[in-house]
Every structure is written in C-alpha cells, then in structure tokens.
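Only this structure's heavy atoms are used, side chains among them; waters, hydrogens and symmetry mates stay out. Each ligand, and each atom within it, is numbered from 1 in the order the structure gives.
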Amino acid sequence: MALKNEYLQKVYEQVEKRNPGEKEFLQAVYEVLESLVPVVEKRPDIVEAGIIDRIVEPERQIIFRVPWVDDNGKVQVNRGFRVQFNSAIGPYKGGLRLHPSVCASVIKFLGFEQIFKNSLTGLPIGGGKGGSDFDPKGKSDAEVMRFCQSFMTELCKHIGADTDVPAGDIGTGAREIGYMFGQYKRLRNEFTGVLTGKGLSYGGSLARTEATGYGLCYYTAEMIKCMKNESFEGKTVVISGSGNVAIYATQKATELGGKVVALSDSNGYIYDPKGVDLDVVKQIKEVERGRIKEYVNRVEGAEYHEGCSGIWTIKCDIALPCATQNEINEESAKALVANGVFAVAEGANMPSTPEAIAVFQNAGVLFGPAKAANAGGVATSALEMSQNSERLSWTFEEVDAKLKGIMTNIFHNSYNAAKEYGMEGNLVAGANIAGFMKVADAMKWQGVAY
Ligand code: NDP
C-alpha cells in the first residue's frame, strides 16, 4: 500500500531499502509517515529542511558482544544493542529490553516510537532504546548479575546522565537496573542519574514502578470522559500481560471502579469473573517470579487457558493490551468489537497490528495508541532525572499528581493536533503529529547537524 504523498512514499522506500526485512521497524515508520501526510502538505519548510529524511535514520546504533559465564562455568554469548535515535530535544532516553526476541528491528522500532512518545510528555528527553537477546527467565540471580555487569561494561562507554539515560522494559526490572547501576558506578567512579527505575535507596523515584500502568489508566479515563462521557466505574476490563505495566494498570483500573477479569503471560491467560485478586498476582509475579497459571491454584472460580490470544475473546468494555508488540491482530480486534468493547488503550508498545487498529477505528471504538497512552513510564523517568539533578526526592503524591497532569495533557494535545490537521478523533494521527512537531522544530533550529 502506497502512502498518499509522493515525498513520504520516497522516504519510506529509502527506509525499506536501508533496513531490509526489519518488519517491526518498517511497521512503526509507516504508521508515523501515514499520519504526517497533512503535515507535509501544510509545512513545506519541514520537507525542505529534510527533517523526515533525517528522523527515520538513527543518529547512532551500537551493537556489541556480551559474554558471561553461567552457573556451570560455561561461557555464554549474547548480543547487546543501544540505538540512539534522536537527541534534538534532550538526552536519549528509553528502556533496555531483555528478551530472546530482541534484534535490530525490534530495538529500532522501539527507539523510533520513543522519539515521539518522549516529545509528547512535554519533557526534555530525546529518543533511544536498547537491550539484548538474553532471557532472564530461568536464570539464577548470580547469572543475571554477571550478564548485567558484562552488558554495562560496554554500554557505559556510550551513556551518561547528560547523554543517554536508559531505563527498564520487558525483562529489565529493579533487579537488573540495580546490577547495571552498580557496575556503571564501579567502572566510572561516579554516582549520577545514568539509569532510571532505580531502587528508592539509591536515587529512584517514588511512583516510577507504578507509572506506566497508572498513566495508562489516567490517559484512558480522560479519553473516555472527553470523547464518550464515560468512566471506568462499573466497566469490565481485560488486561494482557502480567508484568510491571499490567499489574499497575490493574491496580489503577480497579481503584477507578473497573473490574479487571483477565491477565496473561506468553503461555496463557487467566479469567476470574469476580475480578482479579491483585495481591495474589503480585505474590506470584513480583515475589516468586512464577507463571500466571499458578493463580488458579490459589483463587477459587478462576480459569486458566493455554495460549495468549484467547484473552481477546473475553467480553469486556475496555481492553488494555500490556504485554508485547503485535499481540492483537485483525481477528482478535474483530472478536473484541463483536463483544462490545468501546475503548482500547495500549500499555505495551505497538501491541495492535495496523489491521487491528483499522478494525477499531472503523467500528468507532476509542483507540489510544501506545506512544501516548503508555508515556507515563518515561515521563516519570524524566521526573526521576530531575530529582537526581537537584539531589532531592519528591513525595509519591507529588510525582503521581505530575504524572496525572502529563497524561491528561498528552490526551488533549493529541486530540487537538488531530483536529487541527483535519482528522478529529483519530488519536493515532494526533499523537504522531503532536510528538513530531516539537522534534521537527528543534531539528530545524539546530541546522543539519544530524
Ligand atoms: P515485563 O517484563 O514486566 O512483563 C511483560 C509481560 O508481557 C509478561 O507478562 C510477559 O509474559 C508478557 N509477554 C512478553 N512477551 C510476550 C509475548 N511474546 N507474548 C505474550 N506475552 C508476552 O514488561 P513490562 O510490563 O515492563 O512491559 C510490557 C510492555 O509495556 C512492553 O511492550 C514494554 O515495551 C511496554 N512499556 C513498558 C514500560 C515500563 O515502564 N515498564 C514503559 C512503556 C512501555 P512472560 O513472563 O511469559 O514473558
């Protein structure tokens, strides 16, 4: 399918040529370029400055070997990545993903999305992303520590509190951030806010753990209030995943009056018609690092089903995908619509395929895209950077209030941008345009430096 603008189509063809076979990256670029059609028509100066030709090419990509020794004394080798995509509005910022599916395409798609997401937060942070194909699942703490130390031994040459500040993502939680921070400090002999998502005892921010899930619900609440005069109160909610984002989205959705009836992991999903007991989930996932199917052994009346896509056949009013990319395809989207879903907001990055998004939009389902809806995590990471810079810690309530304000603004800025460019109600286009404009402006003012 060709883009409805000759210049943008040429840019896309060049991206395809330079990045053959990188399907996730190409998917993310296509979606943004599609939204920019009315922008290039209205703003020839952006085309003249070559902003879009430049923005699709990372400023810098680092790929490195990560050797480590397992508990049996055997040498293991993983591949590490850091993609520093865009620093026009601030130091590179974006998480580190540890998952066997990590490859250049996945990290580039995430880094590209991060540019616009970070811009949408209104905070001074550029876009980057990194990670490794290392799988922390089933590894001992000592193995995870040796991997993290080896990973940071190379990564530390490329990051810094004013240069590039990584954070957590899939597979990278408080444990991994702690090991990486310790190694950075040891190698550089400096105690700086070089990573976010740190533990509270050494520079972490209150509410960072909760931020992405809470932020997702704040955004969703604003979207359904402003566009449908609705709230979470009394609504049935389905949330995929059972990691950091899913757990705290469940907590906030429940606090706001919703009933979360399902959660999942990459093996299957649980259905609890009474509403999930989050204490049980936290014990299994956060304390025991176990599998979600364990839930049915502890809660009466709950069911477990193998396979993760079945979760989208459960009847619900609001769906919040919080696991991974492309987890909702066209068929799953149709099942959700047939069962009466009225709002979908993305906690994970790019969890809906383009076909699925089209199904939601054509059916009039409110759809909040990831780069807007899940920006609460990175926004709070930026607040952690501010606290580190001033060597102070803010209260939970202070950070949470700022987060809520940021998510509400993101909704309104996206909504207004879509309206201004003739696509009222299209929050995908609105988020892409609002995120893009600030970065484009900064790039233009800074000349052809990058
Ligand atoms: P976690 O590692 O804490 O949890 C990930 C969850 O998703 C787990 O339940 C995992 O199950 C499941 N999952 C992972 N891969 C798959 C798969 N291929 N199929 C089905 N389920 C899968 O990660 P987070 O909660 O931090 O991240 C979830 C999503 O949110 C990601 O897309 C991430 O990029 C995004 N995000 C996270 C932010 C954060 O602050 N943490 C910020 C913004 C976005 P299993 O245990 O079986 O792997």
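- Salt bridge status for R291 with E294: absent, with no side-chain N to carboxylate O gap under 4.0 Å.
- Ion pairing of E154 with K157 is present here, as a side-chain N (NZ or NE/NH1/NH2) and a carboxylate O approach within less than 4.0 Å.
- Aromatic ring centres of F191 and F181 lie closer together than 6.0 Å.
- Every protein residue with a heavy atom nearer than 4.0 Å to ligand 1 is included here: R97, H99, K137, D169, I170, G171, R208, T212, G241, S242, G243, N244, V245, S264, D265, S266, R291, C308, C322, A323, T324, G347, A348, N349, N374.
- E384 pairs with exactly one of K198, R208, K402 by the salt bridge (Lys or Arg N to Asp or Glu O under 4.0 Å) rule, that one being K198.
- Other residues, nucleotides and ligands contribute more than 12 heavy atoms inside 6.0 Å of the CD atom of Q283.
- Under the salt bridge (Lys or Arg N to Asp or Glu O under 4.0 Å) criterion, K274 pairs with D272, not counting sequence neighbours.
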